[in-house]
Each structure stands twice: as structure tokens, then as C-alpha cells.
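Some notes on the structure that comes next.
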Amino acid sequence: MGLPPAQEALAQMSAQRAPGASLAQPAAKARVVILATGGTIAGAGASAANSATYQAAKVPVDKLLASVPELANVAQVRGEQVFQIASESFTDAQLLQLGKRVSALSKQADVDGIVITHGTDTLEETAYFLNLTVHTSKPVVVVGSMRPGTALSADGALNLYNAVATAASPTAGGKGVLVVMNDEIHTGRDVSKSINVRTEAFKSPWGALGMAVEGQTYWFRAPVKRHTVHSEFDIDHIDHLPQVEIAYGYGNASPTAYQAFAASGAKALIHAGTGNGSVSSAVVPALRELRAKGIHIIRSSRVVGGGFVIRNAEQPDDQYDWIVAHDLNPQKARILAALALTKTNDAQVIQRIFMDY
Ligand SMILES: NC(=O)C[C@H](N)C(=O)O
């Protein structure tokens, strides 16, 4: 009795196969480059009990990768040491250097995804900067850890594994620069470090995009603001960031910090205001004077956990020619303001940029 057609075809293919060759080749693993910049994920403490007392930026990238052999199950990885710093010391020059490297790698045909290991203190700023300036649809993932690798229950190895799995997944493409921490996948635009002593440290006010679990990605929402290939900012054409500074609002505030920043050459000041970006009556006249001298005043909020500053609420922005930071926290507003100033000095255009990104 003859075989059914499908089984017959399989039997023929099997007969023609060279001995030892398998029927279907396993799909080649994605090629992921890991750019290491330091931080606690590369940190080391004196003992396993030191979860908070340690030195950041100690472990070189090759050792970091060798400590997680499971990475080979999800991608072909190679590492590059870009910096070895604690992220509180990141400068604009280093942001530009890192961005240009990410951009160059993303154009290489032999690179499918990029992971950046980073300290958590300013991780949200770097992730947002890359999200705004690197023109690629390939996955770019920023990752850190809250405990050094030497600590009990260190979180870096699993965070790195999940970050590499996400960067290796075609499902992560086209979603802008992502941050993977504590099994969650966040957009680099929204995410912020929200507590300094827990592994569950990163939160997005509008929610995470998805989760990375056991090397698989699970998605639940997508970013709606402009990013990467849809951005008007291109790292390949940016060699300098204008000076933008942040001054904090509080009871009994004085204009001294704003005036000092302006005197030092700031082109824009981010006001980390109380509540709805409100400004104390003792500070308003000084900010109006600074605006008259050409310095941009951008109202954001010091309130953590969400919300957004509404134009002409609390202060008459139209009348004063001030700008609101929308839902960006002060440190993210600094990044966007500096990029906006590479393109324009018009407050209305800068306001449009704050609504778009
Ligand atoms: N958890 C960390 O990575 C904190 C460290 N200070 C850094 O940002 O480099």
C-alpha cells in the first residue's frame, strides 16, 4: 500500500539527504552587540551582604558576559567597552559618543540588536536621548541593575539575559529604545528610576509596554510619541548639545539658582516646579527677565509618579512666552530641550516639539 502524498514526499526528502544532515536547519541566532558603560551592573562589593555599599563600574564587559553563559541560548553576543563609569557622572559628550556608536552599529548588516549596560541613576536620560536621536528600527535595549553582581540575590544577570532576549527578538523592532529591568519592558521615553533601594526600581507613569519572561517577550501596548526613524533629530548630525540646566521649585524658593545658571551660559532653564509646574511669586519676575534676555523657561513638575503640566494653567505661558514640558520629568525635559535647541530658537516650535516627543 502506497504512502499518503505528504508522507511520501517526506520519505523521498529523507532518502536524498546526506547522512548526518538534518531536515530543517535551526534558525540562526540573532547577533546582539552589548555596549558596556559601567554602573552597578558592572559593580563589585566587598561581601555578598553588600547590596548597597559597593563600587560601580568595576567589571569589564567580557567578564560580565562570561558570568551569564545562558546568553548564548538567546543570541550570538559580543561585547564592547565604551566607558566604565557610574552613570551619575555621564556627560553630554559621552551621550553623543554613545549615540554615534549605537547608530553606526545599527547600520551594520551583521548586527540585529544592541544592548547598552548602564548605571541606573541616569539610565532614563540616556534611553530617552537614544530614543530621540538614533535612526534605526532594530531593537535597542538599555539595562542596568540595582545590586552589584557580587551581592546576594543580584539582579544584573537576569536583567541582562532578559535585555539580550528582547534585543534578539524581531518583535522588539520599531518600538523605539527600550529599557528592560525586573522582567518589565519599558519605553525609554516614559521610564524613570522611582526608588533607589529596590530591584523593582523602574516605573513608567503610563505603564510598561510588556514583559520579558524566560527569554520570551510579551507585549501589551506600544509608544505613540515620535521616536527613532520618525524623529527630526539625528545623532549622525549632532556634535554638540546646547547648555540646559534644571532648577528646583520649593517653599521659600529664591531666583538665585536660575540667575546663576543663566550667567553661566544656559540657553534654557528647566523649572522643576511644584504641582502643575507652578512657580513661586518670588521667582516669577526673575524668570520673565531671563526670558526677555532670550533664555527659554520650560515648566516641568517635580511631582514623581505621573501627570503632565498644562499650558497656561498656573502661569500665563502665552503671555510670558514660556514653554511647558508636557509629561516629561525635569531630567528628560533637559534632554529634549537641548536637542530642540540644535534646531530652533523659537519658543513655539520648541513647544510643538515637547508635544510631539
Ligand atoms: N544602580 C546603579 O547603577 C547606581 C549607580 N550609581 C549608577 O548609576 O551607576
Side-chain angles (χ1 to χ4, degrees), residues 34-65 67-68 79-99 101-102 114-131 140-164 166-167 177-186 188-204 208 212 246 272 304 329-332 334-335:
I34 299 180
L35 298 178
T37 73
T40 297
I41 195 166
S47 89
N50 287 127
S51 61
T53 311
Y54 57 87
Q55 282 193 292
K58 286 279 148 207
V59 181
V61 65
D62 291 345
K63 245 180 124 181
L64 196 62
L65 299 195
S67 70
V68 193
E80 262 182 49
Q81 192 79 48
V82 186
F83 313 119
Q84 189 62 294
I85 55 172
S87 75
E88 59 269 28
S89 301
F90 241 84
T91 62
D92 286 352
Q94 285 163 327
L95 265 188
L96 293 171
Q97 187 184 330
L98 177 65
R101 186 66 192 131
V102 175
I114 298 162
V115 169
I116 297 128
T117 61
H118 199 290
T120 55
D121 286 358
T122 62
L123 189 152
E124 67 202 76
E125 292 158 63
T126 298
Y128 188 42
F129 178 78
L130 298 175
N131 188 59
V140 177
V141 180
V142 192
V143 65
S145 78
M146 294 301 292
R147 296 174 180 153
T150 47
L152 292 167
S153 282
D155 53 332
L158 182 55
N159 285 349
L160 183 61
Y161 178 76
N162 282 334
V164 170
T166 303
V177 172
L178 304 167
V179 170
V180 171
M181 291 286 292
N182 199 42
D183 299 352
E184 291 179 339
I185 309 170
H186 294 262
R189 179 195 184 271
D190 291 352
V191 78
S192 187
K193 185 173 182 176
S194 306
I195 186 166
N196 62 347
V197 287
R198 281 197 195 135
T199 51
E200 188 192 359
F202 280 74
K203 293 275 172 235
S204 293
I246 303 171
V304 286
N329 67 25
Q331 55 272 29
K332 286 178 189 270
R334 184 189 79 87
I335 297 289

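Indexing begins at 1, ligand by ligand and atom by atom, following the structure's order. Below, all heavy atoms of this structure are taken into account, side chains as well, without hydrogens, waters or symmetry copies.
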Enumerate donor-acceptor pairs with a distance under 3.5 Å from any side-chain N or O in residues 177-184 to protein atoms, sequence neighbours excluded.
residue	atom	partner	partner atom	Å
Asp183	OD1	Asn162	ND2	3.1
Glu184	OE1	His186	NE2	2.9

- prompt: side-chain hydrogen bond (donor to acceptor under 3.5 Å, both in side chains) with Arg101: which residues, sequence neighbours excluded?
  reply: Glu80
message: Please verify the inter-ring angle class for Phe83 with Phe90; under 30° counts as parallel, over 60° as perpendicular, anything in between as tilted.
response: perpendicular
- request: Quick one: which residue pairs count as a salt bridge (Lys or Arg N to Asp or Glu O under 4.0 Å) with a foot in residues 195-204, not counting sequence neighbours?
  value: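 Sorted result for residues 195-204: Glu200-Lys203.
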- line: Under 4.0 Å from ligand 1, residues with heavy atoms, in chain and number order, are Gly39, Thr40, Tyr54, Ala86, Ser87, Glu88, Gly119, Thr120, Asp121, Ser145
query: Say you draw a straight line from CG of Leu65 to CG of Leu160; how long is it, rounded to the nearest 0.5 Å?
result: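 Reported to 0.5 Å precision, the distance equals 6.5 Å.
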message: What's the separation between atom OG1 in Thr126 and atom CG in Asn131, rounded to the nearest 0.5 Å?
response: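 Spacing of OG1 (Thr126) from CG (Asn131) equals 12.0 Å.
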